[in-house]
Asks: 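Questions regarding the structure given below will be posed in turn.
The figures here come from the full heavy-atom set of this structure, side chains too, leaving out hydrogens, waters and symmetry mates. None of these values were measured; they are calculated from a predicted model.
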Amino acid sequence: MGQKQVIESIFDKCKLLNLWTMCPMNYYKYIIIGNSAGGIGAIEAIREVDKTNEIAVISDEPYSAYSRPLISYLLAEKIKLDDIYLRVPNFYEDNGVATFFGTQATNIDFNEKKVTLDNGKKLYYEKLLLATGGTPFVPNMPGLDKTGVFRGFNTLDTTLELQKTISEKKGRAVILGGGLIGLKAAEALRMKGLEVTVVELLDRLMPLVIDQPASQWVETVLENQDIKIITGNTISEITGSFSNPNEVGGVVLKDGTTIRCDIVVIAIGVRPRIELVRESEVEVNRGILVNKKMETSVPNVFACGDCAEVYDFIMDSFRLTPLWPTAFVGGRIAGFNMAGDCKEYYWGTSMNSTTFFGFPIISAGIINLSDEEKSDYEILSQNTESFYKSIILKDNKIMGFVLANEIDRAGIFLGLMRNKIDVSEFKDDLLSEDFGLIHLSDQVRNDLLAKENLSCMT
């Protein structure tokens, strides 16, 4: 009998006798690699089903789970450090979770069901969840090693280091990346009093999550706060300062333009962290492949969050959807299935919600159409002096929407979209200021509410 079989035999006897203190200290029924939204969702789901079996969480960060979307508000000092944590300090203890924080998983043996940590410790599992998230994409360029360069803006450590740098010398910052993460960094740094320039390779801001009119709204909002926007360009080199060549002194853009600055934040995007499984039995594409139960190609191994390709109900396919709600719900679905309560992930699609200097924007589903695609869709839009709305329809069903500065109906639109409700009866009212459930017929309203209630149980 091998080591794995011996440990499992002991574990089974412990479970039968309910003598958990006799079980090996390095054996856990559930191991979760990753301690962000997906990991928290999984812990809570497991504990709804299984109150006793031990859970272990491994994280290379030394902190309790915190909200990554809030780090820009922490940097801007709109919230305090204690406000960023997702759960109360004794969350792990109360839920019987062993924590291995500040420790990295370096290897997984799926045959032996064994996880090796960077300190040499080996942990054995019965069910495993990969919630490893993403890592910032950093293009290779001269000057990356200079003090004042921040590779990404998605961790608490980066935020705390930025705070320290700003306190030592307020000055000028260049943000590489005009997506959501880059612009939240730009907003926070501007609130701290820095001169901020955003450099985006493509021809407009947030090109992957909003359409062109909404992008123009965002650019106007940021420029009104004295943030300089440069599109269609990128950084080719980070240069040193006159007094110290090892510190950031400026950047050179691809077109030869030079910009003096003290801080460079690279916020182009993130890549799935799949190095643990890249050469393993776990099937991967751009991310880890899962089914609707969030299970990978290896039995009893699950994945969720930014590292996984999850089901998108609009595209009717599996793809990367690196979003906070997607990670949390995916973690819950994985947790339920790990604990033996069969559930499927069905509701997710690309959805982004944010504000810039008090200006709110929400987008979901399909938001950008090529010229060739437009003939297959119907676009309803309003672009006034105070707000912008766009709804994309196909066969009288909502396939996507963008709302800027008037977002109250986002929840209704998402419900109609998720449940594939035919909107032909009230299509002309969708963009009206007072649109609501009252515009729906009794039959449509009852169908929508029934499907929403059913979705809460699946």
Asks: Main chain of Leu222, side chain of Gln225: is a donor-acceptor contact present, judged purely on distance under 3.5 Å?
Replies: no
Asks: Provide the closest heavy-atom pair for Gly133 versus Asp306 in the form atom of the first, atom of the second, distance.
Replies: C-CB, 3.6 Å
Asks: Please answer whether the main-chain N or O of Ile210 pairs with a side-chain N or O of Ser363 as donor and acceptor at a distance below 3.5 Å.
Replies: no
Asks: Do Tyr345 and Tyr311 have ring centres separated by under 6.0 Å?
Replies: no
Asks: Can a salt bridge be assigned to the pair Arg204 and Glu219 using a cut-off of 4.0 Å between side-chain N and carboxylate O?
Replies: no
Asks: Does some side-chain heavy atom of Leu253 sit less than 4.5 Å from a side-chain heavy atom of Thr234?
Replies: no
Asks: What heavy-atom pair brings Leu129 and Ala42 nearest, and what distance separates the two atoms?
Replies: CD2-CB, 3.4 Å
Asks: Taking NZ in Lys146 as the centre, count heavy atoms belonging to other residues, nucleotides or ligands within less than 6.0 Å. Is the count above 12?
Replies: yes
Asks: Considering non-hydrogen atoms only, spot the tightest contact between Ile263 and Val248 and give its length.
Replies: N-CG1, 4.1 Å
Asks: Answer yes or no: is there a donor N or O on one side and an acceptor on the other, between the side chain of Thr354 and the main chain of Pro360, under 3.5 Å?
Replies: no
Asks: Minimum heavy-atom separation for Asn35 and Ser59, please, with both atom names.
Replies: CB-CB, 3.6 Å
Asks: Below 6.0 angstrom between ring centroids: does that apply to Tyr125 and Tyr28?
Replies: no
Asks: Consider only side-chain N and O atoms of Glu54 and Tyr27, and report whether a donor and an acceptor are under 3.5 Å apart.
Replies: no
Asks: Looking at Tyr30, is Lys127 sitting on its ring face, NZ or CZ under 6.0 Å from the six-membered ring centre and within 45 degrees of the normal?
Replies: no
Asks: Has Glu93 got more than 12 heavy atoms of other residues, nucleotides or ligands less than 6.0 Å from its CD?
Replies: no
Asks: Taking Tyr92 as the fixed residue, which of Phe101, Phe100, Tyr85 is the one that meets the ring pair (Phe, Tyr, Trp, His ring centres under 6.0 Å) rule?
Replies: Phe101
Asks: Dump the intermediate steps for salt bridge (charged side-chain N to carboxylate O under 4.0 Å, His left out) on Lys113 and Glu126, then the final yes or no.
Replies: CA-CA 7 Å; Lys113 292 189 173 182; Glu126 185 175 330; over 6 Å; no
Asks: Between Asp60 and Arg273, is there a side-chain N and carboxylate O pair less than 4.0 Å apart?
Replies: yes
Asks: Which pair of non-hydrogen atoms, one from Ala214 and one from Val402, has the smallest distance, and what is that distance?
Replies: CB-CG1, 3.7 Å
Asks: Quick check: are there more than 12 heavy atoms from other residues, nucleotides or ligands sitting under 6.0 Å from CD of Glu279?
Replies: no
Asks: Could you tell me whether a side-chain N or O of Asp109 sits under 3.5 Å from a main-chain N or O of Asn111, the two making a donor and an acceptor?
Replies: yes
Asks: Do Thr349 and Asp312 meet the criterion of a side-chain donor-acceptor pair at a distance under 3.5 Å?
Replies: yes
Asks: Donor-acceptor pair, distance only, cut-off 3.5 Å: does the side chain of Asp341 make one with the backbone of Ala45?
Replies: no
Asks: Would Glu44 and Arg87 pass as an ion pair if we require N to O under 4.0 Å?
Replies: yes
Asks: Do side-chain atoms of Glu195 reach the backbone of Arg172 as a donor and acceptor pair under 3.5 angstrom?
Replies: no
Asks: Closer than 4.0 angstrom, basic N to acidic O: yes or no for Glu48 and Arg332?
Replies: yes
Asks: Tell me if a side-chain donor or acceptor on Asn291 pairs with a main-chain N or O of Glu295 at a distance below 3.5 Å.
Replies: yes
Asks: Under 3.5 Å, side chain of Asp50 to main-chain N/O of Arg47, donor-acceptor pair present?
Replies: no
Asks: Give, for atom OG1 of Thr165 and atom CG of Leu194, the distance between the pair rounded to the nearest 0.5 Å.
Replies: 10.0 Å
Asks: The test is side chain to side chain contact (heavy atoms under 4.5 Å, CB included); show your working for Leu162 and Phe150 and say whether it passes.
Replies: CA-CA 8 Å; Leu162 261 171; Phe150 293 85; 3.6 Å; yes
Asks: Examine distances only and state if a side-chain atom of Thr296 and a backbone atom of Val282 form a donor-acceptor pair shorter than 3.5 Å.
Replies: no
Asks: Cationic tip of Lys184 within the cone over Phe356's six-membered ring, i.e. under 6.0 Å and within 45° of the normal?
Replies: yes
